[in-house]
Q: 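To start, I am sharing the structure in question, which I have written as structure tokens.
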Protein chains: 2
Amino acid sequence: MHEGIKNKELLLANISSAFSLTDKEIEELISLFAERKIKRRGFILHQGDVCRHFTFVISGCLKMYAIDPSGKEFNLEFAAENEWISDLNSFYAEKPTTVYIEAMEPSVILQIARPDLIHLYSNYPKFNSTFRIIIERKYMELQNRVLQNISATAEERYSNFLHQFPTLASRLPNTQIASYLGITSEFLSKIRKDLAHKR
Amino acid sequence: MHEGIKNKELLLANISSAFSLTDKEIEELISLFAERKIKRRGFILHQGDVCRHFTFVISGCLKMYAIDPSGKEFNLEFAAENEWISDLNSFYAEKPTTVYIEAMEPSVILQIARPDLIHLYSNYPKFNSTFRIIIERKYMELQNRVLQNISATAEERYSNFLHQFPTLASRLPNTQIASYLGITSEFLSKIRKDLAHKR
DNA sequence: AAATACCCTTAAGATATCTTAAGGGTTCAG
DNA sequence: CTGAACCCTTAAGATATCTTAAGGGTATTT
């Protein structure tokens, strides 16, 4: 399909930003990713399931979140176009996940299943580095977020979010951003008013 | 040296918990790690330096922290015996770090330099998975910590810390634990009193 | 096009957490 | 051995953040 090929080029561009790949590697990589369209509010991972895929977002936006005993949702991660998302713990250990991954917009994704990724790792060693680097980037992002959480006020965290994810900031409902920042949406509303007055 | 060999066995045990290694891999791995003793308050990484080593802790305990403009320290990570520590961002990008890594106790560590690790990656592909898994574990730990930070009260976070790191909890000054949890040491003191009364 | 669910804002009162200050205990360095 | 530095605790007042409640706007579904 014409569109399907274009989508896989996005994947290639993402992966080969750090590594150049041979034709054979490209062919194999592309053949192992399957495209899926997800409706708004559709789930690609549900608490209790085993996370069986590593997911790359072509378009749209997904969120990964946990639900506490009282039913509140806490957003752990957003993934929009050109980003990766997966519950690594469940994926590698093949054990039931404690989180949800849900589409916030109609989305198109590319997924690779665990056995196929392992096949890539063993037959094309370069992909070990590729995926190691993807995870390292996400690790640094998380570490930075932890630092924010323990050192910055809610207003500072929100300002940083606006700078770091300007596109997300204008696409997502503030309720979702509040959940990501660890504050209530009412308090975010107050922060936004305060910031507006500072101009 | 007798003790040096024993220390490298700890490293081997840590790495081969997920993978079995050949004699050749073991020999090469061991030859590339160098042992260092660090005094209490000694630094192995200072803001502005490039992080040139991946570090495994044999004994003692290190902390990684950032300092904000007002001079306050925020603990990002502790690493005691049998744990890994490094500023991945500085290490892989070879750019100056924004953090410090300092020994809180007299410590013995094993370090591998970046070129040697890259040599391992290219000549013994298995080590790609090995180190990918080390990072994945740390990633999940961070993700769990973010969830705590955005969803739990300070008292809950402290209780969790006690359960998750019982050894650290009794070894570290509470000021250091407070900084890790993102609260003041005075407030931690109050939390400890409240918890004691709940018994 | 109506009905429903979702979203944003405001504000008042409640709670969690910080700041400052002070005192006493313990460890470390000279 | 001794002063200095660090650590822990307590408490009072200040500030940040949450909870609840309510109203009006916007998007989604029927």
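These numbers come from the heavy atoms of this one structure, side chains and all, not from hydrogens, waters or symmetry mates. Being a predicted model, the structure only gives us computed values, none of them experimental. Each chain gets a letter, A, B and so on, in the order the sequences are listed, and its residues count up from 1.
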Q: Just how far, in rounded Å, is P of dT15(D) from CG of D194(A)?
A: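 Checked: the CG to P distance equals 14 Å.
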Q: Do K126(B) and Y124(B) form a cation-pi contact, if we require the NZ or CZ to be under 6.0 Å from the six-membered ring centre and within 45 degrees of the ring's axis?
A: no
Q: Roughly how many Å is it from CG in L188(B) to P in dA16(C), rounded to a whole number?
A: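 From L188(B) CG to dA16(C) P: 16 Å.
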Q: Quick check for you: among dC7(C), dT17(D), dT9(C), whose closest atom lies nearest to any side-chain atom of E186(A)?
A: dT9(C)
Q: With the side chain of F187(A) defined as its heavy atoms from C-beta on, choose the nearest nucleotide among dC18(D), dT20(C), dT19(D).
A: dC18(D)
Q: Starting from P on dT27(C), measure out to NZ on K39(B) and report it in whole angstrom.
A: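 My rounded result for the distance is 21 Å.
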Q: Which whole-number value in Å describes the distance from E155(A) CD to dA16(D) P?
A: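 Rounded to whole Å, this separation is 9 Å.
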Q: On the 0 to 90° scale, with breaks at 30° and 60°, tag the H46(B)-Y100(B) ring pair as parallel, tilted or perpendicular.
A: perpendicular
Q: Compare side-chain N and O positions of T175(B) against OP1 and OP2 of dC8(D) and report whether any pair is under 4.0 Å apart.
A: yes
Q: Quick one: sort the W84(B) and F131(B) rings into parallel, tilted or perpendicular, breaks at 30° and 60°.
A: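 Answer is perpendicular, since the angle exceeds 60°.
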Q: Among dT19(D), dT17(D), dT17(C), which is the nearest nucleotide to the side chain of T184(A)?
A: dT19(D)
Q: Please confirm whether F54(A) and F91(A) have ring centers closer than 6.0 angstrom.
A: yes
Q: When you measure from the side chain of K72(B), which nucleotide among dC18(C), dT19(C), dC28(C) comes out closest?
A: dT19(C)
Q: When you measure from the side chain of I183(A), which nucleotide among dC8(D), dT17(C), dC18(D) comes out closest?
A: dC18(D)
Q: Is R145(A) close enough and on-axis enough to Y180(A), meaning under 6.0 Å and within 45°, for cation-pi?
A: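 Pair R145(A)/Y180(A) counts as cation-pi.
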Q: I need the CD1-P distance between I191(A) and dT9(C), as an integer number of Å.
A: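 Going from CD1 in I191(A) over to P in dT9(C) covers 12 Å.
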Q: Find the distance N149(B):CG to dT17(C):P and express it as a whole number of Å.
A: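 Rounded to whole Å, this separation is 12 Å.
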Q: Should K193(B) be listed as having a side-chain N or O under 4.0 Å from OP1 or OP2 of dC8(D)?
A: no
Q: From CD1 of I150(B) over to P of dA16(D), roughly how many Å is that when rounded to an integer?
A: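 Interatomic distance, CD1 of I150(B) to P of dA16(D): 22 Å.
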Q: Can you tell me how far C1' of dC6(D) sits from CG of N174(B), to the nearest Å?
A: 13 Å
Q: For dC8(D), take OP1 and OP2 only and decide whether either is under 4.0 Å from a side-chain N or O of R192(B).
A: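 Result: no.
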Q: Let's see if you can work this out: which of dT17(D), dT9(D), dT17(C) has an atom nearest to the side-chain heavy atoms of K190(B)?
A: dT17(C)
